[in-house]
**Student:** 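Take this structure first; my questions come after.
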Amino acid sequence: MTRITMPQAGQSMEEGTILCWRKSEGEQVRKGEILLEIETDKANVEVEAAESGVLRRILCPAGTTVPVRAPIAILAGVAEDIASEVALADSELRSILADTSSLNGSAAPTVAGPASVAPPAVASRPSAAQRDATLGRIKASPAARKGARELGVELKEIGLGTGPGGRVLSSDVVRAASQASAEPTGQPVRRPLSGMRRAIARNLVTSKQSIPHFYMRLTIDAEPLTAFHRVEKAKYPCTLNDVLTFACARVIREFPVFRARIENEDLTEYPTANIGIAVGMEEGLRVPVLVAADRMSLREVAAQSRRIIDAAKVGKVEAMGQGVLTISNLGMYGVEEFAAIINPPEAAVLAVGAIREAVTVSKGAMRAGRVMTITLSADHRIIDGLAAARFLNRLKAALESPDSLGK
């Protein structure tokens with residue numbers, strides 16, 4: 001018998017909302033199958049079953065918001081007596097929800113009671129259309145629905161969205177809220193922070209207050225990098241950021257300290273370079289993680305990066321919280337250089353500026369060229385200045401000779 005609890009998908013997550021159950025009561029579940037989909041303060045997350053069994057009891061239906069680690073379902077064998085376990089889990093859940101609602105000053109959400117624990121019946125998996133009907137008839141992404149609730153926007157007033165088939169996206173909600181709040185009087189408009197903005201604020205304040213940041217900056221000759229990128233993108237879809245991610249991952253493989261993170265009171269060193277890619281959106285920042293990027297070819301990095309970035313834009317953040325270093329690139333906006341805040345519990349973040357024209361000097365001779373500035377923000381509890389300087393210089397050398405990295 002296994003008790004399913006609300007997972008903690010990221011260090012800053014405190015509660016999650018169940019969007020839909022992918023399995024019904026009485027349905028067989030295999031380990032690794034998607035059991036349910038939840039919405040956190042940053043993204044939508046598909047939750048896999050950690051064990052095999054029969055989904056005997058759903059304690060929290062779709063739409064319920066519960067704290068992390070609160071019981072939400074019971075997984076057991078078909079013949080197991082689960083009455084006592086359901087009663088215990090239900091009691092704990094009601095207590096947790098009552099405590100949470102008293103702190104928030106709101107009524108506790110309604111959850112399924114343990115009045116009857118019927119033997120499992122054969123249940124069919126709800127169709128996508130049925131799940132959409134449960135969540136509402138208007139075609140809208142889960143992130144758009146959440147944003148509409150927080151911003152007080154009626155989805156039916158938006159009309160057709162910019163998503164496939166007229167689906168309303170979170171960006172449509174933000175745009176509608178901005179238009180609705182535009183007041184001709186010029187008076188300030190107050191509205192609550194969205195869940196994502198609250199999470200970003202909480203995470204970054206914690207980072208700046210608890211992590212001793214230090215910064216290093218280098219300007220590289222970008223001519224070889226742009227030439228290399230030009231050749232590769234003629235063969236397959238590939239961005240300059242893909243090349244940067246590829247190079248950074250290969251260099252991190254040489255520096256174990258850059259694969260380490262402080263987790264509680266321990267220093268954990270990861271075997272692979274898991275690179276976070278900062279994805280900026282109107283409503284905030286999401287950081288999907290490219291796991292084991294150092295074991296991929298450039299073509300694989302490009303394909304997988306495109307996939308996880310597209311997923312992040314619609315609310316699904318892959319491998320959230322598993323990165324060791326994040327790349328934040330504002331070069332496409334003409335920003336020449338900047339320093340980024342570390343995404344805890346990662347060890348560092350690399351800020352990438354725009355490639356720009358400049359006069360360079362080589363062996364006493366001046367020439368017109370193209371340069372790019374990269375700035376490393378590092379956690380001094382893990383990384384010393386010497387290690388950071390060696391890493392940054394090795395990365396500079398790799399970016400100025402990208403062919404040396406292989407493909």
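All heavy atoms count here, side chains included; hydrogens, waters and symmetry mates do not.
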**Student:** For residues Ala76 and Met1, report the shortest heavy-atom separation together with the two atoms involved.
**Tutor:** CB-CG, 4.0 Å

**Student:** Taking the side chain from Arg22 and the backbone from Val47, do they hold a donor-acceptor pair closer than 3.5 Å?
**Tutor:**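 No, because the side chain of Arg22 does not come within donor-acceptor range (under 3.5 Å) of the backbone of Val47.
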
**Student:** Using side-chain heavy atoms (C-beta onward) and a distance below 4.5 Å, is Pro402 in contact with Pro224?
**Tutor:** yes

**Student:** For the pair Asp384 (side chain) and Leu386 (backbone), establish whether a donor and an acceptor sit closer than 3.5 Å, ignoring hydrogens and angles.
**Tutor:** no

**Student:** Is any side-chain heavy atom of Tyr270 closer than 4.5 Å to one of Val291?
**Tutor:**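 The answer is no; the side chains never approach within 4.5 Å.
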
**Student:** Please enumerate all residues that pass side chain to side chain donor-acceptor pair (under 3.5 Å) together with Lys316, with sequence neighbours excluded.
**Tutor:** Glu37

**Student:** What pairs meet the salt bridge (Lys or Arg N to Asp or Glu O under 4.0 Å) rule with one or both residues in residues 75-88, with sequence neighbours excluded?
**Tutor:** Arg3-Glu85

**Student:** Can any side-chain N or O of Asp294 pair as donor or acceptor with the backbone N or O of Ala273 at less than 3.5 Å?
**Tutor:**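 A pair under 3.5 Å: yes.
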
**Student:** Verify the neighbour count for atom CZ of Arg30: are there more than 12 heavy atoms of other residues, nucleotides or ligands below 6.0 Å?
**Tutor:**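 No, CZ of Arg30 has 12 or fewer neighbouring heavy atoms, counting only those of other groups under 6.0 Å.
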
**Student:** Could you work out, with side-chain contact (heavy atoms from CB on, under 4.5 Å) as the rule, every residue matching Glu336, not counting sequence neighbours?
**Tutor:** Arg356

**Student:** What are the two closest non-hydrogen atoms of Arg250 and Leu405, and how far apart are they?
**Tutor:**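 In this case the closest contact between Arg250 and Leu405 is NH1-O, 2.9 Å.
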
**Student:** Using a 3.5 Å distance criterion without hydrogens, assess whether the side chain of Glu33 forms a donor-acceptor pair with backbone atoms of Glu48.
**Tutor:** no

**Student:** Just to verify, which of Val66, Thr65, Val68 counts as forming a side-chain contact (heavy atoms from CB on, under 4.5 Å) with Glu15?
**Tutor:**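 That would be Thr65; it is the only one of Val66, Thr65, Val68 passing the side-chain contact (heavy atoms from CB on, under 4.5 Å) with Glu15.
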
**Student:** Taking side chain to side chain donor-acceptor pair (under 3.5 Å) as the test, write out the residues that go with Glu51, two or more places apart.
**Tutor:**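 So Glu51 forms no side chain to side chain donor-acceptor pair (under 3.5 Å) with any residue.
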
**Student:** For residues Ile355 and Arg370, report the shortest heavy-atom separation together with the two atoms involved.
**Tutor:** CG2-NH2, 3.5 Å

**Student:** Of all residues at least two apart in sequence or in a different chain, which pass the side-chain contact (heavy atoms from CB on, under 4.5 Å) check with Ala201?
**Tutor:**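 Testing Ala201 for side-chain contact (heavy atoms from CB on, under 4.5 Å), a comparison that skips the adjacent residues, returns none.
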
**Student:** Identify the two heavy atoms, one from Leu392 and one from Leu376, that lie closest to each other, and give their separation to 0.1 Å.
**Tutor:**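 Closest pair (atom of Leu392, atom of Leu376, distance): CD1-CB, 4.0 Å.
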
**Student:** Quick check: does any side chain N or O of Arg286 sit under 3.5 Å from a backbone N or O of Ala312, one acting as donor and the other as acceptor?
**Tutor:**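 Judged by distance alone, yes, a pair lies under 3.5 Å.
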
**Student:** By side chain to side chain donor-acceptor pair (under 3.5 Å), which residues pair with Arg306, not counting sequence neighbours?
**Tutor:**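 Expected list: none.
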
**Student:** Does the Ser91 side chain pair with the main chain of Leu88, one donor and one acceptor, at a distance under 3.5 Å?
**Tutor:** no

**Student:** Counting neighbours of CZ on Arg390 that are heavy atoms of other residues, nucleotides or ligands and sit closer than 6.0 Å, is the number greater than 12?
**Tutor:** no

**Student:** Going by the rule salt bridge (charged side-chain N to carboxylate O under 4.0 Å, His left out), which residues pair with Arg295 if we only count those two or more places apart in sequence or in a different chain?
**Tutor:**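 Result, salt bridge (charged side-chain N to carboxylate O under 4.0 Å, His left out) vs Arg295: none returned.
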
**Student:** Applying ring pair (Phe, Tyr, Trp, His ring centres under 6.0 Å), name anything that partners Phe255, two or more places apart in sequence or on another chain.
**Tutor:**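 So Phe255 forms a ring pair (Phe, Tyr, Trp, His ring centres under 6.0 Å) with Phe391.
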
**Student:** Strictly by side-chain hydrogen bond (donor to acceptor under 3.5 Å, both in side chains), give each pair with a member in residues 320-334 just once, sequence neighbours left out.
**Tutor:**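 Of all non-adjacent pairs touching residues 320-334, those that pass side-chain hydrogen bond (donor to acceptor under 3.5 Å, both in side chains) are Asn241-Asn329, Thr326-Glu346.
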
**Student:** Is any side-chain heavy atom of Arg94 less than 4.5 Å from a side-chain heavy atom of Asp90?
**Tutor:** yes

**Student:** Which residues pass the side-chain contact (heavy atoms from CB on, under 4.5 Å) test with Glu400, not counting sequence neighbours?
**Tutor:**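 With sequence neighbours excluded, Glu400 shows a side-chain contact (heavy atoms from CB on, under 4.5 Å) to Ile220, Asp221, Lys396, given in chain and number order.
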
**Student:** Does a side chain donor of either Asp242 or Thr245 reach within less than 3.5 Å of an acceptor in the other side chain?
**Tutor:** no

**Student:** Looking at residues at least two apart in the chain, or sitting in another chain, which of them share a side chain to side chain donor-acceptor pair (under 3.5 Å) with Arg253?
**Tutor:** none

**Student:** Please confirm whether the backbone N or O of Arg69 pairs with a side-chain atom of Gln8, one donor and one acceptor, at under 3.5 Å?
**Tutor:**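 Such a contact is absent between Gln8 side chain and Arg69 backbone.
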
**Student:** Do the side chain of Thr226 and the main chain of Glu223 share a donor and acceptor less than 3.5 angstrom apart?
**Tutor:**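 Indeed, once roles are kept as given, a pair shorter than 3.5 Å links the two residues.
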
**Student:** Check whether Ser24 reaches the backbone of Glu27 with its side chain - one donor and one acceptor, N or O, closer than 3.5 Å.
**Tutor:** no

**Student:** Minimum heavy-atom separation for Leu399 to Leu225, with atom names?
**Tutor:**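 That closest heavy-atom pairing would be O-CB, 3.6 Å.
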
**Student:** Looking at Pro344, is its backbone amide N or carbonyl O close enough to the side chain of Ser207 to form a donor-acceptor pair, meaning the two atoms are under 3.5 Å apart?
**Tutor:** no

**Student:** Taking all heavy atoms of Phe246 and all of Met296, pick out the closest pair and write down the distance.
**Tutor:** CE1-O, 3.5 Å

**Student:** Which residues pass the ring pair (Phe, Tyr, Trp, His ring centres under 6.0 Å) test with His380, not counting sequence neighbours?
**Tutor:** Phe214

